[in-house]
S.K.: 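I'd like to ask you about the structure that follows.
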Amino acid sequence: MMRIAHTTNELRNLIRGFRFTHPPDQTVGFVPTMGFLHEGHLSLIRLAREENQYVVVSIFVNPTQFGPGEDFAQYPRDESRDVALCSQAGVNVVFLPSISDMYPDHPMVTVMVQEITGVLCGEFRPGHFDGVATVVTKLFNMVQPDFAYFGQKDAQQALVIDRMTRELGWPLQIRVCPTVREPDGLAMSSRNVRLTPAGRQVAPLIYRGLTEARRLVEAGETRVYRLVAAAREIISADPGMTIQYLECRDREFLASLTVLDRPAVLAIAAYVDSVRLIDNVFLEPVTRSLDDRMEG
Ligand code: AMP
């Protein structure tokens, strides 16, 4: 039977109970979310279910990762539906903390990851990744999972959390799962419900542009400006789309690239109907044979 923990204490007691009654090789998998669950979240939960004996899902719309003027108040919420979906998916514990459970009245501690948080979304959402790193740190401390599951859809977030986890030496592994999409390619997101019908028609241009860049890579193109230009042309074809950034960066340090000579990510943030959508695809450098290289 699924349990619901509303407070940190309730959560800790449940996790302790599991650890106490199960052999040490049985694992806890953790899926942190902001709720309004969709197939993307459920894919993470399913993998967690397959790989662990105990699965914890948190649902918390974290105020500190939203900037002033962002959509914290409008972020879609549906707790009872989320709880039902978790129960169907075989989750053991849903953690629904309140803001005061996660943050004291006068917080003095922030967890910050440097460098990779200053670009892409970090450039346009100052403080966003500090909020993410801090809340995930708190959640990891509360849940003490063996595995934690994140989506490639938020590739920069997954990189930040993986970096933080390794660098701090936490005994847990970050698992990154592929982006789940609507049949027309739009990446699933809780925010998609805020699109108007017209905006919903425009939004799939994002993935169409990204896949065109990937097609060019497969056809041998390695000049990054060409890849970005081809994607931009498709994505910005409709006036309902406003690109905030569209950039190709390497996947380890998020350094900008001019030639696709390393594993890369082509990442975008764009506004449709004043809803901010993000997406990305991975681009792999074409490894040429030694003969090819000697020819030129
Ligand atoms: P969120 O509730 O938006 O904070 O997302 C919670 C987790 O689900 C994050 O690790 C996201 O990257 C992941 N996620 C969100 N959308 C998708 C998607 N379409 N496919 C795969 N994972 C996703």
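Both ligands and their constituent atoms are indexed starting at 1 by order of listing.
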S.K.: For ligand 1, which part of Val31 has a heavy atom less than 4.0 Å away: the side chain, the backbone, both, or neither?
M.R.: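 For Val31, there is no contact with ligand 1 at all, from either part.
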S.K.: Val57, Phe150: one ILVMFWY side-chain cluster at the under-4.5 Å cut-off?
M.R.: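 Different clusters: Val57 never reaches Phe150 through Ile, Leu, Val, Met, Phe, Trp or Tyr contacts under 4.5 Å.
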S.K.: Give the residue and atom name of whichever protein heavy atom lies nearest to atom 21 (C) of ligand 1, and the separation in Å to one decimal.
M.R.: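 Its nearest protein heavy-atom neighbour is Pro178 O, 3.5 Å.
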S.K.: Counting non-hydrogen protein atoms only, what is the nearest one to atom 17 (C) of ligand 1? Give residue, atom name and distance.
M.R.: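 Going by distance alone, atom 17 (C) of ligand 1 is nearest to His38 CE1, 3.7 Å.
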S.K.: May I ask you to identify the nearest protein heavy atom to atom 10 (O) of ligand 1, giving residue, atom name and distance to one decimal place in Å?
M.R.: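 Looking only at protein heavy atoms, the one closest to atom 10 (O) of ligand 1 is Gly151 N, 3.0 Å.
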S.K.: Would you say ligand 1 has an N or O under 3.5 Å from any N or O of Met34?
M.R.: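 Such a contact does occur with ligand 1.
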S.K.: Does either side chain, that of Arg276 or that of Gln244, offer a donor lying less than 3.5 Å from an acceptor on the other one?
M.R.: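 Side chains of Arg276 and Gln244: pair found under 3.5 Å.
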S.K.: According to the interplanar angle, ranging from 0 to 90°, do the rings of Tyr54 and Phe18 count as parallel (below 30°), tilted (30 to 60°) or perpendicular (above 60°)?
M.R.: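 It falls in the parallel class, under 30°.
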S.K.: Are any of the N/O atoms on Pro32, whether in the backbone or the side chain, positioned under 3.5 angstrom from an N/O atom of ligand 1?
M.R.: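 It does not: no N or O of Pro32 is found under 3.5 Å from an N or O of ligand 1.
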S.K.: Suppose we measure from atom 11 (C) of ligand 1 to each protein heavy atom; which comes out shortest, and what is that distance?
M.R.: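 The closest heavy atom on the protein side is Asp154 OD2, 3.1 Å.
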S.K.: Mind checking whether Leu139 and Phe66 sit in one hydrophobic cluster, side chains of I, L, V, M, F, W, Y counted as touching below 4.5 Å?
M.R.: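 Yes, one cluster joins them.
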S.K.: Identify the protein heavy atom lying closest to atom 3 (O) of ligand 1, giving its residue, its atom name and the separation to 0.1 Å.
M.R.: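 Result: Tyr75 OH, 3.7 Å.
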S.K.: Can an N or O of Val180 be found at a distance shorter than 3.5 Å from an N or O of ligand 1?
M.R.: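 Yes, since at least one N or O of Val180 sits under 3.5 Å from an N or O of ligand 1.
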S.K.: Taking atom types as modelled, is there a side-chain donor on Tyr103 or Asn62 under 3.5 Å from an acceptor on the other?
M.R.: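 Yes - a donor-acceptor pair under 3.5 Å links their side chains.
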S.K.: Atom 5 (O) of ligand 1: which protein heavy atom is closest, and how many Å away?
M.R.: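 Closest protein heavy atom to atom 5 (O) of ligand 1: His41 NE2, 3.4 Å.
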S.K.: At a non-hydrogen distance cut-off of under 4.0 Å, which region of Ser190 contacts ligand 1 (side chain, backbone, both, or neither)?
M.R.: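 For Ser190, no heavy atom sits under 4.0 Å from ligand 1.
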S.K.: What orientation do Phe124 and Tyr245 show, parallel under 30°, tilted 30 to 60°, or perpendicular over 60°?
M.R.: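 Rings of Phe124 and Tyr245: parallel, under 30°.
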